[in-house]
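Notes for the one structure printed next.
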Amino acid sequence: MASLSHYIDFSQDTLKYAAVSIAFNPIFWNIVARAEYRSQFLTRIFGSPYYGCYFLAITIFSLGILRDHIYQVALADQPYYAPVHQPILGGALFAMGSVLVLSSMYALGVTGTYLGDYFGILMDAPVTGFPFNVTGSPMYWGSTLNFLGVALYRGKVAGLFLTAQVFVLYWCALKWEDPFTAEIYAKRERERVKKQSGKKQ
């Protein structure tokens, strides 16, 4: 029976770069967003929470493009495994993932997509229509489907390995982000109630 190293070439530096870039992105945006929430350093640098959020959006988007490029380069250096080569399924999963990601961005807008709530740019109400009626985190799971789709399309076990890393990191990110974001909105509601109570008095 062949060992895992027969299907994944762990000696390739590009595989390591891909794993690092996949891990770096969610860690980076969570650290920066929380620092902004606590100190408003980007708001102060750019003079506006919107400009600060736009800067972070461009940065996150650019890092995502770089990560995806590194992923593609890494897969090119990895062994091909015929049973994993499922181009039709891979293409379908990639299409589904892209729909989830793009429709999510459309529904949320730039500030909603790129952590505007950490800048104090809050939405009036939660988005409940598509794709949020399919999954509460369409950006994350859509992106995961994209990674999986590419791995299957190219027939690379290393792609499945990296996709598993994406899944775990996004799952952990949600466990970290969701309670914090919920508290941001809960704090706004408490402040609204307090103001309304003050007016009645």
Side-chain angles (χ1 to χ4, degrees), residues 22-23 25-38 40 42-43 48-65 67-68 89-150 152 163-200:
I22 287 169
N25 284 15
I27 294 171
F28 166 79
W29 73 58
N30 270 288
I31 290 174
V32 172
R34 292 214 179 193
E36 165 61 25
Y37 180 77
R38 294 190 176 97
Q40 292 80 51
L42 287 175
T43 295
S48 162
Y50 285 90
Y51 292 152
C53 185
Y54 295 152
F55 170 79
L56 183 59
I58 292 169
T59 303
I60 293 172
F61 183 81
S62 300
L63 287 172
I65 295 296
R67 175 204 61 194
D68 293 348
L89 177 59
L93 291 175
F94 187 87
M96 289 170 57
S98 298
V99 168
L100 288 175
V101 170
L102 295 175
S103 60
S104 173
M105 293 177 70
Y106 178 79
L108 294 175
V110 174
T111 57
T113 300
Y114 293 102
L115 305 167
D117 35 23
Y118 289 76
F119 290 79
I121 307 169
L122 305 185
M123 303 188 73
D124 294 331
V127 178
T128 56
F130 185 83
F132 291 90
N133 56 358
V134 176
T135 171
S137 304
M139 285 286 293
Y140 282 175
W141 304 134
S143 179
T144 303
L145 287 176
N146 287 345
F147 276 89
L148 178 58
V150 171
L152 294 175
T163 299
Q165 182 192 1
V166 171
F167 175 83
V168 170
L169 281 164
Y170 281 170
W171 184 83
C172 291
L174 287 171
K175 294 295 182 182
W176 179 259
E177 293 171 14
D178 282 352
F180 195 82
T181 304
E183 176 56 26
I184 291 175
Y185 281 88
K187 181 180 178 181
R188 181 183 68 175
E189 292 307 310
R190 290 194 297 268
E191 290 173 351
R192 283 179 174 175
V193 170
K194 186 176 179 181
K195 287 180 180 179
Q196 291 174 355
S197 299
K199 289 179 181 179
K200 290 179 181 179

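FYI, the numbering just counts along the sequence from 1.
- Under the 3.5 Å distance criterion, the side-chain polar atoms of D117 are left unmatched by any main-chain donor or acceptor of M123.
- Residue F130 places its CZ atom among more than 12 non-hydrogen atoms of other residues, nucleotides or ligands, all under 6.0 Å distant.
- Just one residue in the list R190, R188, R34 forms a salt bridge (charged side-chain N to carboxylate O under 4.0 Å, His left out) with E183, and that residue is R190.
- The main-chain N or O of Y118 is never found under 3.5 Å from a side-chain atom of E36 such that the two would form a donor-acceptor pair.
- The structure places OG of S103 at 9.5 Å from CE of M139, a figure rounded to the nearest 0.5 Å.
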Derivation of the side-chain contact (heavy atoms from CB on, under 4.5 Å) call for N30 and F180:
CA-CA 11 Å; N30 270 288; F180 195 82; over 6 Å; no
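- Ring pair Y170/W141 is perpendicular by interplanar angle, where above 60° counts as perpendicular and below 30° as parallel.
- From S143, atom OG reaches atom CG of L148 across 11.5 Å, with rounding to the nearest 0.5 Å.
- Nearest heavy-atom pair, L115 versus A33, reported as atom, atom and distance to 0.1 Å: CD1-CB, 3.7 Å.
- Within the model, atoms CZ of F147 and CZ of F94 stand 10.0 Å from one another, a figure rounded to the nearest 0.5 Å.
- Between P179 and L174, the shortest heavy-atom distance links the atoms CD-O, 3.8 Å.
- In this pair, W29 and Y140 present their aromatic rings parallel. The plane angle is below 30°, not in the 30 to 60° band.
- Within 6.0 Å of the OH atom in Y50, the count of heavy atoms belonging to other residues, nucleotides or ligands does not exceed 12.
- Residues L169 and P26 approach most closely at CB-CG, 4.5 Å, considering heavy atoms.
- In this structure, T43 and P49 approach most closely via the heavy-atom pair OG1-CA, 3.5 Å.
- Summarising the local packing, OH of Y185 is surrounded by more than 12 heavy atoms from other residues, nucleotides or ligands at distances under 6.0 Å.
- Rounding to the nearest 0.5 Å gives a distance of 14.5 Å between OH of Y114 and CD1 of I121.
- Counting non-hydrogen atoms of other residues, nucleotides and ligands closer than 6.0 Å to CZ of F61 gives a total of 12 or fewer.
- Here the closest non-hydrogen pair linking V32 and L42 is CG1-CD1, 4.0 Å.
- In this structure the side chain of M105 reaches within 4.5 angstrom of the side chain of V101, judged on heavy atoms.
- Remark: side-chain polar atoms of T59 are paired, donor with acceptor, to backbone N or O of F55 under 3.5 angstrom.
- Atom CD1 in I60 sits 3.5 Å away from atom CG in L56 (nearest 0.5 Å).
- We find the CG-CG distance between L145 and L93 to be 6.0 Å, quoted to the nearest 0.5 Å.
- Residues T144 and V166 approach most closely at OG1-CG1, 3.6 Å, considering heavy atoms.
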